[in-house]
Amino acid sequence: MDAVVAGQHARRRIRPPEPLVMAGSPSTPAAFRCPISLEVMRSPVSLPTGATYDRASIQRWLDTGHRTCPATRLPLASTDLVPNLLLRRLIHLHAATLPPSPSPEQVLSQLAAADGEPAAAEKAVRSLAAKIAPEKGKRASVASAVAADLDSAVPALLSFAKGGAGADARVDAVRILATVAHELIPYLTGEEEETEKKKRGGRVRMAVEALAAVLSADAVGEDTKEGLVAALVADDLSQIVTTLIAAGANGVMVLEAILTSPVPDADAKTAIADRSELFPDLVRILKDAASPAAIRCMAAAVQVRGRPARSSMVRAGAVPALALAVAAAPTAVAESALGLLVEAARCSDGKSAIGADAAEVAAAVMGRMIRVGPAGREAAVAVLWLSCCAGGGDRRMREAVASAPEAVGKLLVVMQGDCSPSTSRMAGELLRAVRMEQERKGLAAAYDSRTIHVMPY
């Protein structure tokens, strides 16, 4: 009898649960990772649906207006977040079983040793990026480690920033570069001995490329960018501008950031826009590299200086280069080029330059008129109206526009589209000028729209 009772008690005995985290198996359980960020949770909280997330991730989800559970897609009866204290304790116990995190210096050594092994290099970059997260509090130590070996660390990071890895690694590389961007400014103004000039040339290219990557990256905060611009203009601005102009497309990207930033005062921006070599070099870069930044930098300089900058731009030979960009560049770049042609057409020198290249400008603008967005179409009409109609216009441009294929049909498309009243008025005046020019030259009075079918206006 006693044996039977003892057997029943044995069957009823509850086996203690096995530990969730084993010291010999340090891999992170999936339950410890946030379903949104896929990172180990620092402050796990639960929704009424029972799903658990990291507080920062789920709060962002709720702040954007969502009222469903990301994991289950069920509607939320309440947005209250309940701390999951048990899970947080388990995560802390698990962290204690992991080996210590390598220092930034050790990670940089791993990055240098990973040459030719993209996976290992990307892992090192991601590790450094994780350390500069605000909650980690190690931004200064990472910046110090990278700054201690700029000549080798920055090129390795740039290889990722330029597209040598996945999108996440590119973003991480730029964020790391942002921590040391201020350390690169002296490379733009340094004066070395003759024997150091060749080495300095490589350093300057590296520094300009890194600064351009940081200032043009969406992943870098505006505060960081403004601080970097402030440091640039506080140094030897004249020498820095000279270096940036000589550095080509990357240097132009940095110049554009300076000219469009709210940080520099009007005097600093004017000093840049008044540089005699600015527009000739921007035109050269636009022709050689088809650089969108060159167009944006020209636009920023014109915005700063107005009429003097327009004249300088025209004298530098910008009109033919801009016409080529309108004809062949991607849509966003073509729209920017059309905007600059409008600025050129506002001055007498610009009208003369446009008339001198009437065939090329008319063909480019008319060919792109209905293949850009609304802003681009309005800019195209403005260019043609300023050069053909305003102040009597230029006969060469009227002839070129009248000879362009489907000119009347395209103008009618713009007039009957969603354009501003002023654009519609300018298109109407252009249409009359084109028809008069066609009649004067004995061309057909009716228009042939070919594949553009619109009702007569």
Side-chain angles (χ1 to χ4, degrees), residues 208 211-212 215-216 229 232-233 237-238 240-262 264 266 268-354 356-357 360-361 364-365 368 372-373 375-376 378-380 382-383 386-387:
V208 172
L211 291 171
L215 289 170
S216 63
V229 170
L232 284 165
V233 298
L237 183 58
S238 177
I240 286 177
V241 172
T242 299
T243 302
L244 292 175
I245 291 175
N250 286 319
V252 168
M253 293 175 69
V254 180
L255 269 182
E256 177 207 351
I258 295 174
L259 287 170
T260 56
S261 172
K269 293 183 178 181
T270 299
I272 296 173
D274 283 346
R275 297 281 292 242
S276 60
E277 73 274 23
L278 177 65
F279 283 105
D281 281 322
L282 290 176
V283 171
R284 172 181 56 80
I285 293 169
L286 176 58
K287 289 179 178 178
D288 294 345
S291 169
I295 295 177
R296 294 194 299 268
C297 195
M298 284 188 206
V302 169
Q303 184 70 25
V304 169
R305 288 296 284 141
R307 185 184 299 273
R310 293 190 197 111
S311 298
S312 297
M313 178 180 69
V314 172
R315 288 195 300 270
V319 168
L322 291 171
L324 183 60
V326 168
T331 300
V333 180
E335 289 181 346
S336 298
L338 283 167
L340 276 179
L341 283 176
V342 172
E343 295 295 337
R346 294 186 189 280
C347 64
S348 57
D349 290 344
K351 287 184 179 180
S352 298
I354 291 173
D357 287 292
E360 291 76 10
V361 174
V365 175
R368 203 64 188 261
V372 290
E378 296 201 355
V383 171
L386 287 168
S387 55

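The figures here come from the full heavy-atom set of this structure, side chains too, leaving out hydrogens, waters and symmetry mates. The structure presented is a predicted model; accordingly, all values stated were derived computationally and were not measured.
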Rounded to the nearest 0.5 Å, what's the gap from [atom1] on [X] to [atom2] on [Y]? Could you check?
| X | Y | atom1 | atom2 | value |
| --- | --- | --- | --- | --- |
| Ile258 | Leu215 | CD1 | CG | 8.0 Å |
| Asp281 | Leu244 | CG | CG | 11.5 Å |
| Leu232 | Ile240 | CG | CD1 | 5.0 Å |
| Thr260 | Leu255 | OG1 | CG | 10.5 Å |

Heavy-atom distance under 4.5 Å between the side chains of [X] and [Y], does that happen here?
| X | Y | answer |
| --- | --- | --- |
| Met298 | Val283 | yes |
| Leu286 | Leu324 | no |
| Leu278 | Ser312 | no |

Is the closest side-chain donor-acceptor distance between Arg275 and Thr242 under 3.5 Å?
yes
Taking side chain to side chain contact (heavy atoms under 4.5 Å, CB included) as the criterion, tell me which of Val254, Val229, Asn250 meets it with Leu211.
Val254
Is it the case that over 12 heavy atoms from other parts of the model lie below 6.0 angstrom from the CD atom of Glu277?
yes
Shortest non-hydrogen contact between Val208 and Gly251, atoms and distance
CG1-N, 3.4 Å
Sequence neighbours excluded - side-chain hydrogen bond (donor to acceptor under 3.5 Å, both in side chains) pairs with any residue from residues 337-347
Arg310-Glu343
Exercise answer: donor-acceptor pairs, residues 329-340 side-chain atoms, under 3.5 Å, sequence neighbours excluded:
unit_1, atom_1, unit_2, atom_2, d
Glu335, OE2, Gly373, N, 2.7
Ser336, OG, Ala332, O, 3.2

